[in-house]
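Take a look at the structure set out below.
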Amino acid sequence: MTDTVRLEYDGKVFELPVVVGSEGEKAIDISKLRQETGLITLDYGLANTGSCYSEITFMNGEKGVLRYRGIPVEQLAEQSTFKEVAYLLINGDLPTREQLNHFSILLNDHSLVHEDMRAFYQNFPRASHPMGILSGMVNALRSFYPELQNMEEEINMTMTRLLSKVRTMAAMSYKISRGHRVVYPRPDLAYSANFLNMMFDNPVRPYVIDPDVVSALNVFWILHADHEQNCSTSAVRIVGSGRVTLYAAISAGIAALWGPLHGGANQAVVEMLQEIRRSGGDIKPFLARARDKNDPYRLMGFGHRVYKTYDPRAKIMKKMCDRLLEKLQLHDPLLDIAKELEEVALNDDYFIEHNLYPNVDFYSGIVLRTIGIPTNMFTVMFAIGRLPGWIAQWKESMDDPHWKLCRPRQIYTGPTVRDYVPLDQRGR
Ligand code: SDX
């Protein structure tokens, strides 16, 4: 028996069905609301609006729970690899050994980028932001691999190609931006190690692959791999609903992720910590600005639309900062500032009342700094991590029988009808 809610309006009573998810979440199905009542709903930021059914990622914002295909992210961070998690998100189950081997071979075979793409990179202004380059170049893949245009190519091949190439494209943009020779992927290196080598190897100082750094990068990408219907994933689904190619939908997701309120926050956090350090290390003025209702300033890396407690990913990321810095025998003063900021904020009435806790971006930049990633590539690292999630969500939407073109309505508040006024009858 389906649960319903009663809506009384204009002297009539309407029964709207309530749907329930596998974890007990409930929603009012309003797909027939306008047809039956003439009403639509209005929900700025879509904070109260579900856009789809999904079997990929479950989050509980009040309890700080995150699971990919039912598996807790803590277990995946501890025991899995990014390659395996990518397979899990896209295919629904962990791969068998044979499936993982086949996936590895495909990732290797598709890790090169068309040589003609280098001309694109070389002609971007040197100061171009890597996220703008990545979004443009992913869209450009369509020109180099047109098979997808008419869906001739087996879709798993396309998804694997994108997963493999985006890593090469990111490293390539970094090398070319510095005027260095591009380093090619190596068949003997696994996904994360290959990326690090493409980023940092050079003829006069061969890159020494440190297993601790590879492990940290694997965990970093696992923690970023999916997060249900966040801003950039929603962009991928909405753009994808127009039946564009996977490349165009992912390019839109990269553009959406770039913003400082979303994936761009990891770069903004480090810039904020550097500014605190430059101004003598006193965090009080920054907290005061964050609390000031008349100041649009936000404490970067804090707060979340869904998590109203500590982001489970931030907990793992924070521990990883300590572990990696200790293993590499390094010290990062920004970590000390971040920890002090967290300590003070979590005991501050404003942050407590507003349920503001560190999110995934608060410590992630420090992990990336320790690995040697330049600050302007932090959000590219987030994008590489989120790519399997975007692909899985795009694929799920394409396979969903309920799915249709995304086209929201609005409430118009502009001028009511009026006549055109010829130019010579208007004011000066
Ligand atoms: C990511 O959606 C996802 O899942 C995203 C993500 C993923 O994996 O895809 O988790 C990745 O994007 C994490 C978030 C990274 N962004 C930041 O760290 C930027 C700083 N955070 C804020 O801008 C903010 O917390 C948001 C945007 C993340 C969420 O804010 P909401 O849900 O839109 O809430 P809001 O902006 O309306 O704020 C509600 C209240 C306001 O105060 P009041 O006007 O009600 O008194 O909380 C305050 C805000 O002023 N507030 C903050 C704050 N965040 C919210 N005040 C100071 N500092 C902050 N960081």
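Quick note: numbers below take in every heavy atom, side chains included, and nothing from hydrogens, waters or symmetry partners. Just follow the structure's listing: the first ligand is 1, and inside any ligand the first atom is 1.
- At the top of the distance list for atom 58 (N) of ligand 1, counting protein heavy atoms only, stands L299 N, 3.1 Å.
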Exercise. Carefully, step by step, assess D336 and H331 under the rule side-chain hydrogen bond (donor to acceptor under 3.5 Å, both in side chains).
Key: CA-CA 9 Å; D336 301 335; H331 172 251; 2.6 Å; yes

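- Counting atoms of ligand 1 from 1 in the listed order, those under 4.0 Å from a heavy atom of G301 are 17 (C), 18 (O).
- N91 places no side-chain N or O within donor-acceptor distance of the main-chain N or O of L88, the cut-off being under 3.5 Å.
- Residues E15 and R6 are paired through a salt bridge, judged by an N-O separation under 4.0 Å between the basic side chain and the carboxylate.
- Counting protein heavy atoms under 4.0 angstrom from atom 37 (O) of ligand 1 gives zero.
- Other residues, nucleotides and ligands place more than 12 heavy atoms under 6.0 Å from the CZ atom of R126.
- In summary, the atoms of ligand 1 found under 4.0 Å from a heavy atom of K293, numbered by their order in the structure, are 43 (P), 44 (O), 46 (O).
- Atom 2 (O) of ligand 1 has N230 CB, 3.5 Å as its closest protein atom, hydrogens excluded (heavy atom only).
- Within ligand 1, counting atoms from 1 as listed, the ones closer than 4.0 Å to a heavy atom of A265 are 15 (C), 16 (N), 17 (C), 18 (O).
- Using a non-hydrogen distance threshold of 4.0 Å, R386 registers as a contact of ligand 1.
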Exercise. Run the numbers on L141 and L162 for side-chain contact (heavy atoms from CB on, under 4.5 Å), then give the verdict.
Key: CA-CA 9 Å; L141 280 174; L162 188 51; 3.5 Å; yes

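- Closest protein heavy atom to atom 12 (O) of ligand 1: H262 ND1, 2.9 Å.
- The residues D348 and R291 are annotated as salt-bridged, a charged nitrogen and a carboxylate oxygen being separated by less than 4.0 angstrom.
- R167 forms no cation-pi arrangement with W221, by the criterion of a distance under 6.0 Å to the ring centre and an angle within 45° of the ring axis.
- Scanning all protein heavy atoms for the shortest distance to atom 29 (C) of ligand 1 gives R305 N, 3.9 Å.
- Checked by atom type and distance alone, the side chain of K308 pairs as donor or acceptor with a backbone atom of H304 at under 3.5 Å.
- Note: an N/O pair closer than 3.5 Å links Y350 and ligand 1 by distance alone.
- Counting heavy atoms only, L356 comes closest to atom 54 (N) of ligand 1 of the residues N355, T57, L356, V360.
- Ligand 1 has no atom lying under 4.0 Å from any heavy atom of G45.
- Below 4.0 Å from some heavy atom of A290 lie the following atoms of ligand 1, by number and element: 56 (N), 57 (C).
- Remark: ligand 1 and F302 share an N or O pair separated by less than 3.5 Å (distance only, no angle test).
- Among protein heavy atoms, the minimum distance from atom 13 (C) of ligand 1 is reached at D361 OD2, 3.4 Å.
- Counting heavy atoms closer than 4.0 Å to ligand 1, residue R298 contributes atoms from both its backbone and its side chain.
- For atom 6 (C) of ligand 1, the nearest protein heavy atom (residue, atom name, distance) is H304 NE2, 3.7 Å.
- Heavy atoms of F351 come nearer than 4.0 angstrom to ligand 1 in no pair at all.
- The protein non-hydrogen atom at the shortest distance from atom 41 (C) of ligand 1 is H354 CD2, 4.2 Å.
- Between K315 and E74, no side-chain nitrogen of the basic residue sits less than 4.0 Å from a carboxylate oxygen of the acidic one, so the salt-bridge criterion is not met.
- Environment of CZ in R243: crowded, with over 12 heavy atoms of neighbouring residues, nucleotides or ligands closer than 6.0 Å.
- More than 12 non-hydrogen atoms from other residues, nucleotides or ligands lie less than 6.0 angstrom from CD of E36.
- Judged by the shortest distance from any of its heavy atoms, R313 lies inside the 4.0 Å radius around the atoms of ligand 1.
- Donor-acceptor pairing under 3.5 Å is recorded for the side chains of S135 and S251.
- Looking at L261 against ligand 1, both its backbone and its side chain come within 4.0 Å, counting heavy atoms.
- With a 4.0 Å heavy-atom cut-off, ligand 1 is reached by no atom of A47.
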Quiz item: Is there a side-chain hydrogen bond (donor to acceptor under 3.5 Å, both in side chains) between D226 and Q393 once you walk through the steps?
Solution: CA-CA 9 Å; D226 193 54; Q393 299 271 353; 3.0 Å; yes

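- Applying the side-chain contact (heavy atoms from CB on, under 4.5 Å) test between N108 and each of P187, P185, S164 identifies P187 as the sole match.
- By the 3.5 Å distance cut-off applied to N or O atoms, H227 is counted among the residues near ligand 1.
- When each atom of ligand 1 is checked for a heavy atom of G303 under 4.0 Å away, the hits are 25 (O), 28 (C).
- Not close to ligand 1: G264, with no non-hydrogen atom less than 4.0 angstrom away.
- Of the protein's heavy atoms, none falls inside 4.0 Å of atom 26 (C) of ligand 1.
- There is a protein heavy atom closer than 4.0 angstrom to atom 50 (O) of ligand 1.
- Heavy atoms of other residues, nucleotides or ligands lying less than 6.0 angstrom from CG of L16 number more than 12.
- Of the charged side-chain nitrogens involved, none lies within less than 4.0 Å of a carboxylate oxygen, so that D322 and K318 do not count as a salt-bridged pair.
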